[in-house]
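Scope of the values below: all heavy atoms of this structure, side chains included, with no hydrogens, waters or symmetry mates.
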Amino acid sequence: MGAKSSSVRRNPSPRSRVNSIDDDGSKFSKEMSFVYWRPDNGHVGSTAVFEVNLFCKNKEPYTMTPMDMFRCEVASAQTSIPVVTEPRRENMAGCKKTTVSFNPTVAGEYCITVAMNGHNVGGEVYRRIYKPGPLDPLKTIGGQNEIFITKVDECQTIMMIPRDRFGNVIQLINNSITVEIKRKTSKEMCIFESNINSNFDSCEICWKLHEGGHFSGSILYNSSVLLKQFEVICLNDHAAIEVDRNVCSMTASYSAQLLSPKSKTVIITLTPRVSH
């Protein structure tokens, strides 16, 4: 009678079991890896910097090999235009961590993708919001080189769209806006009143003078000039009547000159000719 054969399942030796764990634990882990953002002021124009820390599954730092591909993409959610980042190389063999920086110029939300071999570091897409920068009077739209001819107690309006140096619209704080109107010759403050209304994308300033004369005005924001000097000629009742009578007795015609005959956009200059 032949002997029965039996198969015996052998448990792996402790050494082989440790080796298998080590081999698995030394692999890159997107869950263990993380991104650390350095503090910034949260406004456009400042450099955003973050550190990418790479780890293995066994929580030991991971060293990139020539086969690893690191990728970082930053894009504004408002424009979907990619943002240039530093460093720009994808293969960083020998690195355990890297520092990435970019310069946001468009206000709003940014989407940041940091990936190693197609896996997002930390397992997510990072999002950051950057606010508009400081007010730039040179970029502010409206109210430039204004000359007002008005009457006593007649309301006038100046509309502006405040912007930062990158052209982002900013919202002004009403109580930080002041209006100054002085006499042209003596530089003395005149009697006037103003009403300021600032919303998300524009600023409306209504004002009126209580005396006649020739004046110069300016608009300040936090004591800095927002709107450079504008001129005001304010007429009293008698002067307003005389001006209306003189204007009604004139006939105005215009001569036009074509400046760009080959262009699709026609630009002309208008020269008034006034005859009594």
Side-chain angles (χ1 to χ4, degrees), residues 16-136 138-139 161-173 199-201 222:
S16 63
R17 186 162 57 246
V18 171
N19 287 340
S20 64
I21 294 175
D22 288 343
D23 291 343
D24 183 66
S26 63
K27 293 182 178 179
F28 168 74
S29 172
K30 65 178 182 181
E31 291 81 8
M32 293 297 177
S33 302
F34 64 93
V35 170
Y36 167 74
W37 289 88
R38 293 184 184 176
D40 56 42
N41 61 15
H43 290 80
V44 297
S46 60
T47 302
V49 182
F50 60 90
E51 297 175 358
V52 182
N53 297 270
L54 305 175
F55 282 88
C56 304
K57 293 184 178 181
N58 59 11
K59 300 183 180 180
E60 292 294 323
Y62 179 80
T63 302
M64 282 189 275
T65 69
M67 299 300 295
D68 291 320
M69 296 299 294
F70 176 81
R71 179 175 60 89
C72 179
E73 292 180 355
V74 180
S76 167
Q78 282 67 38
T79 62
S80 299
I81 299 176
V83 179
V84 176
T85 60
E86 296 290 345
R88 303 183 189 182
R89 65 185 189 275
E90 293 184 340
N91 194 331
M92 295 181 290
C95 296
K96 296 180 180 180
K97 66 178 182 179
T98 185
T99 301
V100 182
S101 64
F102 64 95
N103 294 301
T105 57
V106 179
E109 185 180 64
Y110 282 74
C111 299
I112 301 96
T113 302
V114 182
M116 171 76 89
N117 301 329
H119 299 287
N120 290 344
V121 173
E124 61 178 314
V125 175
Y126 299 92
R127 300 181 184 276
R128 303 280 286 185
I129 295 178
Y130 291 91
K131 300 177 182 179
L135 175 69
D136 188 343
L138 298 178
K139 292 291 185 177
I161 302 177
R163 297 176 182 269
D164 64 12
R165 67 188 178 100
F166 299 105
N168 298 296
V169 178
I170 66 177
Q171 184 174 6
L172 303 182
I173 303 173
N199 53 35
F200 175 73
D201 58 357
N222 289 332

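How far CG of D164 is from CG of D136: 7.5 Å, rounded to the nearest 0.5 Å. To the nearest 0.5 Å, the span separating CG on L135 from CD1 on I170 amounts to 4.0 Å. Of the inter-residue distances, the one linking S29 atom OG with K27 atom NZ reads 11.5 Å to the nearest 0.5 angstrom.
Side chain of Q78 to backbone of E109: a donor-acceptor contact under 3.5 angstrom is found.
Side-chain contact between F70 and V114 is present, with at least one heavy-atom pair separated by less than 4.5 Å. When side chains are defined from C-beta on, N120 does not count as touching K30, because their heavy atoms never get closer than 4.5 Å. Counting heavy atoms from C-beta outward, Y110 and P104 have side chains that approach closer than 4.5 Å. Side-chain contact between N117 and M69: present, with at least one pair of heavy atoms (C-beta onward) separated by less than 4.5 Å.
By the salt bridge (charged side-chain N to carboxylate O under 4.0 Å, His left out) test, D40 is found to be paired with R128, residues two or more places apart in sequence or in another chain being considered.
Between R165 and K139, the shortest heavy-atom distance links the atoms O-CE, 3.3 Å. Taking all atoms of both residues into account, the shortest heavy-atom contact from F166 to G45 is CE1-CA, 3.5 Å.
Note: F55 and F34 have parallel aromatic rings, judged against thresholds of 30 and 60 degrees for the angle between ring planes. Under the 30°/60° scheme for interplanar angles, the aromatic rings of F50 and W37 are found to be tilted.
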